[in-house]
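Keep in mind the model is a prediction, meaning the values are calculated, not measured. No hydrogens, no waters, no symmetry mates; every other heavy atom, side chains included, goes into these values. Indexing begins at 1, ligand by ligand and atom by atom, following the structure's order.
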Amino acid sequence: MKFEKYHGLGNDFVVVSHEDVAGKDLSQLALTVCNRKTGIGADGFIVSSLRGEIPEMIFYNADGSYDTMCGNGFRCLCLYLKNNDLIKDRKFSIKTGAGVLDAEVVGEDPFLVKVALGRAEYIHPTIGEELIDREVEVEGRRFNLSAAFVGTPHAVVFSDDLSDEFIDKYGALINDLPYFPEGTSVNFCRVEGDNVIRIITWERGVGRTMACGTGSCASATIGKRLGKISGESIVVKHALGDLTIETGDEIYMTGGGVKVASGYFG
Ligand SMILES: N[C@@H](CCC[C@H](N)C(=O)O)C(=O)O
């Protein structure tokens with residue numbers, strides 16, 4: 001199987017063409033390919049499909065679970081399509097499990113793409129109301145928990161502790177709360193300026209990753225709703241760099257993608 005590997009701020013993905021995996025169990029393939037000991041190693045598996053009128057992203061997490069959207073993966077797919085001459089225009093659209101999203105290449109070297117993600121949805125499906133700044137207790141520790149759906153579900157907690165141990169422990173525990181019967185990614189954020197937050201995400205289907213695009217969008221919009229940050233353009237800091245999130249009526253995410261490798265697997 002021919003593959004290319006990409007990352008967006010260290011959130012890494014194996015990208016393959018739909019033609020090369022037609023008829024295969026994609027969930028099982030994601031599990032095999034993403035294994036860091038016995039596979040290629042990645043946080044997610046992206047199948048690039050050209051079956052329809054516009055390109056389509058089919059996305060699986062490292063644990064084999066399907067997901068509707070992945071922000072960093074989406075930007076990586078944009079670069080994959082560009083590298084393979086599958087998109088020629090600066091502006092284009094890609095179908096995802098969360099709908100058709102418009103994108104525009106705004107930088108060539110380094111590659112930079114701006115993606116329109118629509119509006120954040122705040123009505124929480126399990127409780128039928130918004131889950132914003134709600135005090136919850138998790139193993140004796142109090143959190144102010146908020147949630148938003150930005151193509152995929154996200155919980156957001158503002159915290160000064162961004163240590164690996166804290167994220168690993170409470171990310172998994174918050175994902176297991178009854179509010180989230182289908183699980184959720186959990187974003188831990190620290191305010192670092194009027195329009196700046198630092199974020200570390202515990203991702204559903206993966207665990208702690210180096211960056212999360214949709215999590216950055218959810219965190220920026222919730223940070224603004226809670227009055228913790230302000231401004232149209234929010235800088236979301238990750239270990240390897242920043243994403244710019246515009247949070248007007250519609251959310252826009254601007255960030256890069258990097259090709260790491262290509263080859264054959266199996
Ligand atoms: N890495 C992502 C989000 C991926 C989805 C997540 N693992 C889930 O299951 O919801 C991003 O960059 O947006």
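Note that the CG atom of Asn83 and the CD atom of Glu4 stand 6.5 Å from one another [nearest 0.5 Å].
Protein heavy atom at the shortest distance from atom 2 (C) of ligand 1 is Cys70 SG, 3.1 Å. Scanning all protein heavy atoms for the shortest distance to atom 8 (C) of ligand 1 gives Asp67 OD2, 2.8 Å. Looking at atom 4 (C) of ligand 1, its nearest protein heavy atom turns out to be Glu203 OE1, 3.3 Å.
Minimum interatomic distance between Val21 and Met1 (heavy atoms only, all atoms of both residues): CG1-SD, 3.5 Å. Here the closest non-hydrogen pair linking Phe111 and Val105 is CE1-CG2, 4.0 Å. Contact detail for Ser65 and Gly205: the closest heavy-atom pair is OG-CA, 4.1 Å. The shortest non-hydrogen separation linking Ala220 to Val236 is CB-CG2, 4.4 Å. Taking both residues in full, the closest heavy atoms of Glu250 and Ala116 are given as OE2-CB, 3.6 Å, listed atom of the first, atom of the second, then distance.
For ligand 1, the polar-atom distance check finds an N/O of Gly71 within less than 3.5 Å of one of the ligand's N/O atoms. Geometrically, ligand 1 and His154 share no nitrogen or oxygen pair separated by less than 3.5 Å.
When heavy-atom distances to ligand 1 are checked against a 4.0 Å cut-off, Thr201 has no atom that comes that close, whether in backbone or side chain. With a heavy-atom cut-off of 4.0 Å, Asn72 touches ligand 1 through backbone and side chain alike. At a heavy-atom distance under 4.0 Å, atoms from both the backbone and the side chain of Cys212 approach ligand 1.
Residue-ligand proximity, Gly213 to ligand 1, at heavy-atom distances under 4.0 Å covers atoms 11 (C), 12 (O), 13 (O). Each of the following atoms of ligand 1 lies closer than 4.0 Å to a heavy atom of Thr214: 3 (C), 11 (C), 12 (O), 13 (O). Applying the 4.0 Å criterion to heavy atoms of Asn61 picks out, from ligand 1, the atoms 5 (C), 6 (C), 7 (N), 8 (C), 9 (O). Atoms of ligand 1 found under 4.0 Å from any heavy atom of Ser185, numbered from 1 in the order shown, are 6 (C), 8 (C), 10 (O). Using a 4.0 Å cut-off to heavy atoms of Thr152, the atoms of ligand 1 that qualify are 8 (C), 10 (O).
Remark: Arg204 fails to qualify as a cation-pi partner of Phe180 under the 6.0 Å distance and 45° angle criteria applied to the six-membered ring. The cationic group of Lys228 lies under 6.0 Å from the six-membered ring centre of Phe158 and within 45° of the ring axis, placing it in a cation-pi geometry.
A side-chain donor-acceptor contact under 3.5 Å links Ser163 and Asp161.
At least one heavy atom of Met69 sits closer than 4.0 Å to an atom of ligand 1. Using a 4.0 Å heavy-atom cutoff, Gly205 is absent from the residues neighbouring ligand 1.
In summary, of the residues considered (Asp12, Leu243, Thr209, Asp43), a side-chain contact (heavy atoms from CB on, under 4.5 Å) with Asn72 occurs for Leu243 alone.
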